[in-house]
Amino acid sequence: MSSRKRDEAVYRPRAGDLVLDTRTGRTGIYMDTIGGEHYLRPTDGGREWTARPEHVGPAPAVRPAPR
């Protein structure tokens, strides 16, 4: 049985979406879901890592630095 509330919206990223792993605080690119885990890749390249779907959400919008 899931501990998620029934009316809570589920975030379902699409391949290429920029996401936030709330468990680690890392931002990455969503690649795929395999075996119930999301596979994420660092934005600047590198080794993928996995995250549970409940720990993944949309990455916060980045504002450009003031000039």
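One is the number of the first residue; the rest follow in order along the sequence.
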Just verifying a value: how many Å separate Thr24 OG1 and His55 NE2, rounded to the nearest 0.5 Å?
10.0 Å
Indicate yes or no for a side-chain donor-acceptor contact from Asp21 to the backbone of Arg23 under 3.5 Å, with no hydrogens or angles considered.
yes
Donor-acceptor pair, distance only, cut-off 3.5 Å: does the side chain of Arg41 make one with the backbone of Gly46?
yes
Verify, without hydrogens or angle tests, whether Arg52 (side chain) and Gly36 (backbone) share a donor-acceptor contact under 3.5 angstrom.
yes
Heavy-atom side-chain contact between Val19 and Leu40 under 4.5 Å
yes
Spacing of Arg12 atom CZ and Tyr30 atom OH [to the nearest 0.5 Å]:
10.0 Å
Non-neighbouring partners of Tyr39 that pass ring pair (Phe, Tyr, Trp, His ring centres under 6.0 Å), sequence neighbours left out:
none
Going only through I, L, V, M, F, W and Y residues with side-chain contacts under 4.5 Å, is there a path from Met31 to Tyr11?
no
Less than 4.5 Å apart, side chain to side chain, heavy atoms only: is that true for Pro58 and Asp17?
no
Output yes when a side-chain donor or acceptor of Thr50 lies under 3.5 Å from a complementary backbone atom of His38, and no otherwise.
no
Less than 4.5 Å apart, any side-chain heavy atom of Thr27 and any of Leu18?
yes
